[in-house]
2 protein chains.
Amino acid sequence: MELAEAKLKFIEAWGKLGSEWGINRTMAQVHALLLITPDALTTEEIMEALSISRGNANMTLRDLIGWGLVEKQHRAGERKEYFFAEKDTWMIARQVAQERKKRELDPVVKILNELSEVKGDDKDPEYKTFKKSVTEINKLAKNVNRTLETMLKTEENWFWGSIFKIFK
Amino acid sequence: MELAEAKLKFIEAWGKLGSEWGINRTMAQVHALLLITPDALTTEEIMEALSISRGNANMTLRDLIGWGLVEKQHRAGERKEYFFAEKDTWMIARQVAQERKKRELDPVVKILNELSEVKGDDKDPEYKTFKKSVTEINKLAKNVNRTLETMLKTEENWFWGSIFKIFK
DNA sequence: ATAAACTTTCAATAATTTTTGAAAGTTTAA
DNA sequence: TTAAACTTTCAAAAATTATTGAAAGTTTAT
């Protein structure tokens with residue numbers, strides 16, 4: 001396979017995975033493009049490479065910066081802004097984990113905590129089932145959160161090394 | 001908070017979380033409803049509870065069955081089909097992990113494997129950057145896959161117990 | 001100040017995804 | 001059979017989400 005073809009495949013695959021996991025496809029594609037590009041790109045170049053409009057490119061880049069996955073670079077004597085992606089995969093994984101935890105998991109955990117406070121009659125099957133499900137999911141969510149928090153503080157090799165040491 | 005209000009909140013929260021993670025909101029809501037309902041429900045009752053159409057209810061239930069999260073029940077002397085959800089949260093987590101791995105992660109890993117075979121000139125920065133990103137992501141994906149596979153084979157308490165033993 | 005170079009905004013449009021509901025299909029009982 | 005009870009299908013409509021592009025905004029150089 002040619003490098004050029006491989007790049008397109010990578011961008012496509014990353015975009016698809018993103019969209020299946022609740023991340024805008026274009027955003028994932030711009031990220032993919034910057035990941036496999038050695039130097040920083042201008043908005044113009046990104047528009048060109050992915051055939052997207054200026055507005056779309058601009059907003060997507062802003063989002064990616066918001067996720068901590070892309071940074072601006074400016075070059076002496078140039079007006080244009082250049083964009084480049086954090087290339088360290090473990091950093092990317094942590095960044096994404098942190099943002100999604102904050103934006104999506106934490107709010108649900110907050111609600112689950114409230115819901116597990118709801119009082120009722122333990123003889124009532126409606127109440128019992130509700131209580132049990134909420135409590136169990138809450139427990140699971142807390143374990144996931146705890147693991148994510150660990151991951152955020154940990155080096156990649158140590159993290160996986162430790163995990164696989166147990167699950168040899 | 002009233003139980004009835006709490007139930008609605010739970011259904012809403014579960015639906016929102018689902019939609020943020022690439023799962024159809026209605027599907028997550030039907031699942032939530034069945035999770036907190038002690039006994040099996042008919043299509044009619046689900047339509048009523050969530051104000052959705054018959055077609056939607058039918059398709060959603062079919063999907064949930066396909067995900068292994070819901071089962072049909074039939075009762076002697078009745079024509080109607082009843083639906084109920086697997087209530088064990090760990091089972092749900094495993095079921096979802098397994099399906100998403102199969103449907104979404106595995107295809108990407110397959111492509112990443114192909115892409116990491118692409119040959120090129122190690123002096124070419126374009127090639128080097130591509131190669132490095134693909135290889136690193138591939139490694140991460142394999143670690144995730146390995147962890148998921150372990151999770152699929154493991155009991156809940158043992159899984160978390162083992163994880164937190166390291167990350168005390 | 002002015003204009004060129006560049007970025008941002010956002011209403012309108014397009015694309016995609018979800019939902020509806022009525023018709024067609026199936027099963028069971030009499 | 002036939003008809004009632006129930007389920008499935010799917011084209012059309014609605015809802016949601018993403019994209020465009022031109023105008024407005026900003027910055028810099030002269």
Side-chain angles (χ1 to χ4, degrees), chain A residues 11-12 14-34 40-67 69-84 100 103-104, chain B residues 11-12 14-34 40-67 69-84 100 103-104:
Chain A
I11 290 169
E12 198 190 335
W14 207 236
K16 183 149 177 265
L17 186 65
S19 70
E20 284 163 345
W21 287 83
I23 284 159
N24 177 311
R25 211 185 66 221
T26 302
M27 188 168 146
Q29 288 183 336
V30 170
H31 183 230
L33 173 65
L34 291 175
L41 297 178
T42 62
T43 302
E44 209 78 34
E45 289 168 320
I46 292 164
M47 288 164 59
E48 160 85 6
L50 302 177
S51 308
I52 61 174
S53 71
R54 184 174 304 284
N56 197 4
N58 183 271
M59 283 183 144
T60 297
L61 285 165
R62 206 139 49 65
D63 282 353
L64 282 168
I65 291 171
W67 278 73
L69 297 174
V70 164
E71 286 175 48
K72 282 186 191 176
Q73 182 183 77
H74 28 296
R75 297 185 181 179
E78 293 220 43
R79 294 283 308 273
K80 276 178 286 203
E81 289 176 322
Y82 287 79
F83 300 90
F84 68 100
R100 299 207 76 160
R103 297 177 193 203
E104 294 144 19
Chain B
I11 291 169
E12 197 190 335
W14 207 235
K16 183 149 176 265
L17 187 66
S19 70
E20 286 164 342
W21 288 83
I23 284 157
N24 177 311
R25 210 183 68 220
T26 302
M27 189 168 146
Q29 287 183 337
V30 170
H31 183 229
L33 173 66
L34 291 174
L41 298 178
T42 63
T43 302
E44 209 78 34
E45 289 168 320
I46 293 165
M47 289 165 58
E48 159 85 8
L50 302 177
S51 307
I52 60 175
S53 71
R54 182 174 305 284
N56 197 5
N58 182 271
M59 283 184 144
T60 296
L61 285 164
R62 205 139 48 67
D63 283 353
L64 282 168
I65 291 170
W67 278 73
L69 296 174
V70 164
E71 285 175 48
K72 282 186 190 177
Q73 181 182 77
H74 36 285
R75 297 185 179 178
E78 293 221 42
R79 294 284 308 274
K80 276 179 286 205
E81 289 176 324
Y82 287 78
F83 300 90
F84 67 101
R100 299 206 77 161
R103 296 177 194 204
E104 294 144 19

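For clarity, every value in this text was computed on a predicted model and none was experimentally measured. Per chain, numbering begins at 1; letters A, B, ... match sequence-line order.
OP1 or OP2 of C:dT9 sits under 4.0 Å from a side-chain N or O of A:Arg62. The phosphate of D:dT7 (OP1 or OP2) has no side-chain N or O of B:Asn58 nearer than 4.0 angstrom.
Distance NZ (B:Lys80) to P (D:dT8): 15 Å, rounded to an integer number of Å. In this entry the distance linking CE of B:Met59 with C1' of C:dG21 reads 12 Å, nearest Å. Regarding A:Met27, its CE atom lies at a distance of 13 Å from the C1' atom of D:dA18, rounded to whole Å. In this structure, the CZ atom of B:Arg25 is 12 Å from the P atom of D:dA15, given to the nearest Å. Atom-to-atom, CD of A:Glu78 to C1' of C:dT7 comes out at 15 Å; the value is rounded to the nearest Å. B:Leu61 has its CG atom 16 Å from the P atom of D:dC6, to the nearest Å. Remark: P of C:dA15 and CG of A:Asn24 are 16 Å apart, rounded to the nearest angstrom. One can place OH of B:Tyr82 at 12 Å from C1' of D:dC6, the figure rounded to the nearest angstrom.
Between B:Trp21 and A:Trp21, the angle of the ring planes goes over 60°, which puts this pair in the perpendicular group of the 30/60° scheme.
Candidate nucleotides C:dT8, C:dT20, D:dT8 were compared by shortest atom distance to the side chain of B:Asn56, and C:dT20 ranks first.
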Mind listing the N/O atom pairs, protein and nucleotides 25-30 of chain D, below 3.5 Å?
{"from": "D:dT27", "atom 1": "O2", "to": "A:Arg79", "atom 2": "NH2", "distance (Å)": "2.8"}

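Partner of A:Ser19 under the side chain to side chain contact (heavy atoms under 4.5 Å, CB included) criterion, out of A:Met27, A:Arg25, A:Gln29: A:Arg25 alone.
Dense packing is recorded around CD of B:Glu104, with more than 12 heavy atoms of other residues, nucleotides or ligands lying under 6.0 Å away. Annotation: B:Gln73, atom CD; neighbour count of heavy atoms from other residues, nucleotides and ligands within 6.0 Å is above 12. Counting heavy atoms of neighbouring residues, nucleotides and ligands inside a 6.0 Å radius, atom CD of B:Glu45 exceeds 12 of them. The environment of B:Arg100 atom CZ is dense: over 12 non-hydrogen atoms of other residues, nucleotides or ligands sit within 6.0 angstrom.
In this structure, B:Phe83 and B:Leu34 approach most closely via the heavy-atom pair O-CD2, 3.5 Å. A pairwise comparison of heavy atoms in B:Lys80 and B:Thr42 identifies CD-CG2, 3.8 Å as the closest pair.
In the region residues 41-54 of chain B, proximity to DNA chain C at under 4.0 angstrom, judged on heavy atoms, holds for B:Ser51, B:Ile52, B:Ser53.
Expressed to the nearest 0.5 Å, how far CG of B:Asp63 lies from CG of B:Asn24 amounts to 7.5 Å.
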